[in-house]
Participant: 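Would you mind keeping the following structure in view while I ask a few things?
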Amino acid sequence: MAKELTKRSDNYSQWYNDLVVKAELAENSAVRGCMVIRPYGYAIWEKMQQELDRMFKETGHSNAYFPLFIPKSFLSREAEHVEGFAKECAVVTHYRLKNDGTGKGVVVDETAKLDEELIIRPTSETIIWNTYKNWIQSYRDLPILVNQWANVVRWEMRTRLFLRTTEFLWQEGHTAHATRDEALEETMKMLDVYTNFSERFMALPVYKGVKTENEKFAGAVDTYTIESLMQDGKALQGGTSHFLGQNFAKAFDVQYLSRDGRLEYVWATSWGVSTRLVGSLIMAHSDDHGLVLPPKLAPIQVVIIPIHKNEKQLTEITEKAMKIKKLLEAKGLTVKYDGSDTQKPGWKFAEYELKGVPVRLAIGPRDLENSTVETSRRDTLKKQVVPADGIDRYVKDLLKDIQQNIYNRALDFRNRNTFRANSWDEFRGVIERKGGFVYAHWDGDPETEARIKDETKATIRCIPFNMDQEEGTCIFSGKPSKRRVLFAVAY
RNA sequence: CGGAGAGUAGCGCAGCCCGGUAGCGUACCACGUUCGGGACGUGGGGGUCGCGGGUUCAAAUCCCGCCUCUCCGACCA
């Protein structure tokens with residue numbers, strides 16, 4: 001019993017913290033609020049990056065890189081933008097240290113003060129639009145479809161591994177277009193990319209919609225979002241896509257000469273997902289035994305464990321296992337053979353379950369005799385002994401089934417925890433007792449939204465797409481409402 | 001950033017109130033027996049007691065300051 005996990009039912013957030021550390025995904029560092037992402041956790045992020053990057057390229061985007069530092073004055077060019085981010089910016093004021101005089105340490109050299117302070121990017125709109133100004137003269141220069149993989153810093157008061165850290169990794173797409181429609185189309189296209197990624201790769205169903213004025217990105221005209229549900233009934237924003245209108249073009253004076261010779265401001269979008277996705281992946285699927293990873297994002301998809309009594313058996317089993325490993329790899333699978341003699345099979349079983357490896361194969365003397373393999377699937381923990389012949393096909397199908405099964409499980413959970421409330425009492429009751437998503441009428445007033453948040457902690461996650469128009473009355477104010485919006489307590 | 005708790009071997013903890021040569025479990029190393037769900041025996045190594053200062057003959061223990069983590073608030077992806 002080397003690694004005891006807190007049970008989800010005992011303390012969900014302790015379970016999450018334990019799991020992140022014990023599965024060796026990440027740990028806290030010496031710097032407050034900043035995490036060390038360990039190789040196994042980073043491997044998951046790399047898998048996410050790989051798929052997303054492919055999807056971005058397929059939709060015509062290219063990667064580029066902009067500076068970590070942003071001149072302080074840039075931030076204040078767009079009024080809402082500075083308002084939203086000013087409170088959480090790290091600022092570089094000096095560029096040199098000197099000996100502190102005692103010989104034991106260093107202090108800031110006050111003579112090396114920057115003329116203009118630099119902020120560490122909380123997001124890159126400003127530095128990018130300052131650059132785009134130089135890239136864009138005519139409609140022939142448009143569109144610009146750029147993405148960057150980067151780290152950003154937001155000085156958060158309270159942090160949690162992956163979910164909210166002071167520094168985090170993300171991608172930010174920044175596009176420039178000649179027309180409003182084209183920019184809007186881009187905004188929606190990227191929201192669809194995120195939706196596909198979440199549902200097909202993370203096995204995590206989402207609700208899509210537009211953010212309210214209170215919740216939208218600082219500087220955007222509209223923010224679109226995908227929202228998913230964690231096992232504790234709290235919602236999590238998995239990705240956002242912003243229609244920026246001409247806000248940044250105007251702030252940085254980016255105009256282009258149109259086909260008919262007129263100067264027009266450029267239309268913009270930006271969109272991003274972060275390492276927070278790793279946190280949502282953990283919270284959505286995992287159980288009291290450890291991680292449950294969707295096969296498509298698992299760094300190791302299949303682990304093979306030998307069971308032997310002596311050297312001779314191990315040699316025979318290893319030979320057999322390596323053949324199977326090669327077969328599986330030929331099918332494009334990532335396979336690890338753990339023939340190390342330092343741990344017992346039972347220990348290995350528990351360890352790879354903790355790490356969420358989707359499929360485990362065990363091969364022992366009995367299997368050699370009968371030409372079989374014992375298979376175990378992580379999502380249900382069900383074991384089955386199958387013929388070694390055709391194991392590659394079997395495992396391939398099994399992985400597919402696991403991917404589908406954990407999606408179905410998450411979808412079922414999400415659906416069972418999505419409610420409709422028609423009165424304030426009903427709304428409060430659901431939010432406080434059950435959690436989950438609640439569809440309810442809202443009068444459209446930001447003040448009402450704030451009051452609801454004060455009293456229940458629930459926020460409007462989004463105004464969902466494809467909701468039928470439905471006359472009703474606001475659950476809080478009783479004023480008329482034309483449609484329901486989606487509420488939840490969120491991460 | 002406010003309130004509460006915590007920091008002692010890789011990990012989990014005791015010792016602190018009442019100052020006197022740092023301990024337990026686990027992990028680690030060696031050997032042997034084991035190996036189909038976190039093995040057992042014997043022997044062994046490992047510590048600036050979060051950091052800095054103070055009190056004292058003597059500080060893990062008492063006092064002051066700081067740092068980090070967890071939980072609750074305010075803020076946020």
Side-chain angles (χ1 to χ4, degrees), chain A residues 1-6 11-14 16-18 21-22 24 27-35 84-89 104-105 122-123 152-172 194 211 214-218 223 225-228 235-242 271-280 289-290 305-311 313-314 317 339-354 360-370 372-376 381 383 385 453-454 457 459 461 490-491:
Chain A
M1 298 293 151
K3 294 180 174 177
E4 278 294 313
L5 261 189
T6 304
N11 185 339
Y12 188 84
S13 74
Q14 187 65 45
Y16 174 82
N17 294 337
D18 279 4
V21 171
K22 289 183 175 163
E24 297 177 343
E27 62 195 32
N28 282 303
S29 70
V31 185
R32 182 196 188 93
C34 295
M35 65 178 164
F85 286 106
K87 293 188 294 286
E88 50 190 49
C89 287
K104 285 187 199 156
T123 179
V152 288
V153 167
R154 295 181 187 175
W155 213 265
E156 300 292 347
M157 291 304 148
R158 207 170 151 192
T159 59
R160 289 190 73 192
L161 294 171
F162 288 116
L163 298 174
R164 178 166 291 108
T165 47
T166 299
E167 179 191 17
F168 58 94
L169 306 183
W170 78 346
Q171 58 68 216
E172 46 181 328
Y194 290 155
K211 287 288 189 187
N214 280 339
E215 297 278 333
K216 75 171 195 194
F217 174 73
T223 289
T225 179
I226 54 172
E227 300 281 331
S228 54
L236 186 142
Q237 176 179 308
T240 47
S241 184
H242 314 293
W271 27 273
V273 297
S274 73
T275 35
R276 190 180 220 209
L277 286 181
V278 179
S280 71
H289 298 274
I305 295 172
I307 294 159
H308 61 283
K309 293 199 198 304
N310 53 51
E311 268 317 295
Q313 273 181 358
L314 179 61
I317 292 165
S340 64
D341 204 19
T342 51
Q343 305 294 355
K344 303 288 147 278
W347 190 94
K348 293 177 186 172
F349 289 0
E351 183 66 13
Y352 290 107
E353 274 164 19
L354 178 65
R360 180 185 73 230
L361 304 180
I363 305 173
R366 267 200 319 262
D367 296 302
L368 285 188
E369 209 170 296
N370 307 329
T372 55
V373 178
E374 183 192 82
T375 65
S376 172
L381 296 170
K383 290 199 262 200
V385 176
K453 185 182 176 184
D454 283 347
K457 292 185 185 171
T459 51
R461 301 319 303 155
Y491 272 98

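Everything numeric here is computed off the predicted structure, so don't read it as measured data. To find a chain, count down the sequence lines: A is the first, B the second, and so on, and within it residues start at 1.
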Participant: Decide yes or no for A/Y194 and A/V273: does some side-chain heavy atom of the first lie under 4.5 Å from some side-chain heavy atom of the second?
Facilitator: yes

Participant: Expressed in whole Å, how much space separates the C1' atoms belonging to B/U70 and B/G23?
Facilitator: 26 Å

Participant: With both distances under 3.5 angstrom, what nucleotide forms a Watson-Crick or G-U wobble pair with B/U55?
Facilitator: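 For B/U55, the partner nucleotide comes out as none, under the 3.5 Å rule.
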
Participant: Find the distance A/W155:CH2 to B/C75:C1' and express it as a whole number of Å.
Facilitator: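 Interatomic distance, CH2 of A/W155 to C1' of B/C75: 15 Å.
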
Participant: Suppose you measure atom C1' in B/C64 against the same atom in B/U55; what distance do you get, rounded to whole Å?
Facilitator: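 Between the two C1' atoms, the distance is 11 Å.
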
Participant: Between B/C75 atom C1' and A/N214 atom CG, what is the distance in whole Å?
Facilitator: 14 Å

Participant: For A/T342, enumerate each residue passing the side chain to side chain contact (heavy atoms under 4.5 Å, CB included) test, keeping only those at least two apart in sequence or located in another chain.
Facilitator: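 In terms of side chain to side chain contact (heavy atoms under 4.5 Å, CB included), with neighbours along the sequence ignored, A/T342 is linked to A/S340.
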
Participant: B/A77, B/G37, B/G36: which one has an atom nearest the side-chain heavy atoms of A/T165?
Facilitator: B/A77

Participant: What residues form a salt bridge (charged side-chain N to carboxylate O under 4.0 Å, His left out) with A/E167, not counting sequence neighbours?
Facilitator: none

Participant: Rounded to whole Å, how long is the line connecting atom CG of A/L361 with atom P of B/G36?
Facilitator: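 In whole Å, B/G36 P lies 17 Å from A/L361 CG.
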
Participant: With the criterion being N/O to N/O and under 3.5 Å, what pairs connect the protein with nucleotides 2-11 of chain B, and how long is each?
Facilitator:
none

Participant: If you measure from the C1' atom in B/G15 to the same atom in B/C31, how many Å do you get, rounded?
Facilitator: 34 Å

Participant: Within the structure shown, what part of the strands sits under 4.0 Å from A/E156 by heavy-atom distance: base, sugar-phosphate, or nothing?
Facilitator: base

Participant: B/A60 pairs with which nucleotide, Watson-Crick or G-U wobble, both distances below 3.5 Å?
Facilitator: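 With both distances under 3.5 Å required, B/A60 matches none.
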
Participant: Whole angstroms only, please: what is the CD-C1' distance between A/E351 and B/G37?
Facilitator: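 Atom CD in A/E351 sits about 14 Å away from atom C1' in B/G37.
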
Participant: Which residues pass the side-chain hydrogen bond (donor to acceptor under 3.5 Å, both in side chains) test with A/S280, not counting sequence neighbours?
Facilitator: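 By the side-chain hydrogen bond (donor to acceptor under 3.5 Å, both in side chains) rule, A/S280 matches no residue at all.
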
Participant: Taking a pair as Watson-Crick or G-U wobble with both distances under 3.5 Å, which nucleotide is matched to B/C49?
Facilitator: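 Check on B/C49: unpaired, no WC or wobble geometry under 3.5 Å.
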
Participant: For atom C1', what is the distance between B/C35 and B/U48, given to the nearest Å?
Facilitator: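 It works out to 42 Å between them.
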
Participant: What's the closest nucleotide to the A/F349 side chain, out of B/G36, B/G37, B/A77?
Facilitator: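 From the listed options, B/G37 comes nearest.
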
Participant: Sugar-phosphate atoms are those with a prime plus P, OP1 and OP2; base atoms are the rest. Using that split, label each nucleotide of nucleotides 67-74 of chain B B, S or - for protein heavy atoms under 4.0 Å, 5' to 3'.
Facilitator: -SSSSBBB

Participant: With rounding to whole Å, what would you report as the distance between B/U34 and B/A22 at their P atoms?
Facilitator: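 Approximately 42 Å lies between the P atom of B/U34 and that of B/A22.
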
Participant: May I ask which nucleotide in the shown strands pairs with B/C69, Watson-Crick or G-U wobble, both distances under 3.5 Å?
Facilitator: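 Base partner found: B/G5.
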
Participant: Using the test salt bridge (charged side-chain N to carboxylate O under 4.0 Å, His left out), find all partners of A/K216 that sit at least two apart in sequence or belong to another chain.
Facilitator: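 Testing A/K216 for salt bridge (charged side-chain N to carboxylate O under 4.0 Å, His left out), a comparison that skips the adjacent residues, returns A/E80, A/E213.
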
Participant: My understanding is that only residues two or more places apart in sequence, or in another chain, count here; which of them pass side chain to side chain contact (heavy atoms under 4.5 Å, CB included) with A/S274?
Facilitator: A/F168, A/W170, A/R276

Participant: Side-chain contact test, heavy atoms from C-beta onward, threshold under 4.5 Å: evaluate it for A/Q171 versus A/W271 and give yes or no.
Facilitator: yes

Participant: Paired with B/C16: which nucleotide, if any, by Watson-Crick or G-U wobble criteria at under 3.5 Å for both distances?
Facilitator: none

Participant: For the C1' atoms, the ones on B/U8 and on B/G47, what distance do you get once it is rounded to whole angstrom?
Facilitator: 8 Å

Participant: Listed by chain and number, what are the salt bridge (charged side-chain N to carboxylate O under 4.0 Å, His left out) partners of A/E88, not counting sequence neighbours?
Facilitator: none

Participant: What is the pairing partner of B/A39, taking Watson-Crick or G-U wobble pairs with both distances under 3.5 Å in any strand?
Facilitator: B/U33

Participant: Please pick, from B/G37, B/G36, B/A77, the nucleotide with the shortest atom-to-atom distance to any side-chain atom of A/E353.
Facilitator: B/G37

Participant: B/G36 P sits how many Å from A/R366 CZ, rounded?
Facilitator: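 Computing the A/R366:CZ to B/G36:P distance gives 10 Å.
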
Participant: Mind checking side chain to side chain contact (heavy atoms under 4.5 Å, CB included) for A/A218 and listing every partner two or more places apart, or none if nothing turns up?
Facilitator: A/F85

Participant: Under the rule for side chain to side chain contact (heavy atoms under 4.5 Å, CB included), what residues qualify as partners of A/A362, not counting sequence neighbours?
Facilitator: A/I307, A/F349, A/E374

Participant: Would A/T159 and A/N28 count as a side-chain contact (heavy atoms from CB on, under 4.5 Å) if you check the C-alpha gap in whole Å, the side-chain angles of each, and the deciding distance to 0.1 Å?
Facilitator: CA-CA 10 Å; A/T159 59; A/N28 282 303; 5.6 Å; no

Participant: Salt-bridge test for A/K211 and A/E227: reply yes if a basic N is under 4.0 Å from a carboxylate O, no otherwise.
Facilitator: yes

Participant: Take the protein atom CD of A/E167 and the nucleotide atom C1' of B/A77, then report the distance between them rounded to whole Å.
Facilitator: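 Atom-to-atom, A/E167 to B/A77, this comes out as 15 Å.
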
Participant: What is the nucleic acid contact for A/Y491, judged by heavy atoms within less than 4.0 Å: base, sugar-phosphate only, or nothing?
Facilitator: nothing

Participant: Which whole number of Å gives the distance between the C1' atom of B/G53 and that of B/C67?
Facilitator: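 It comes out at 14 Å once rounded to the nearest Å.
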
Participant: What does the list of N/O pairs under 3.5 Å between the protein and nucleotides 31-35 of chain B look like, with a distance for each?
Facilitator:
{"residue": "B/C35", "atom": "O2'", "partner": "A/H308", "partner atom": "O", "Å": "3.0"}
{"residue": "B/C35", "atom": "N1", "partner": "A/H308", "partner atom": "O", "Å": "3.4"}
{"residue": "B/C35", "atom": "N4", "partner": "A/K309", "partner atom": "O", "Å": "3.0"}

Participant: Under the rule for salt bridge (charged side-chain N to carboxylate O under 4.0 Å, His left out), what residues qualify as partners of A/R360, not counting sequence neighbours?
Facilitator: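 Applying salt bridge (charged side-chain N to carboxylate O under 4.0 Å, His left out) to A/R360 gives A/E353.
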
Participant: When all nucleic acid strands are considered with a 4.0 Å heavy-atom cut-off, which category describes A/L163: base, sugar-phosphate, or nothing?
Facilitator: base

Participant: Under a 3.5 Å cut-off for both contacts, is B/C11 paired Watson-Crick or G-U wobble with anything, and if yes, with which nucleotide?
Facilitator: B/G25

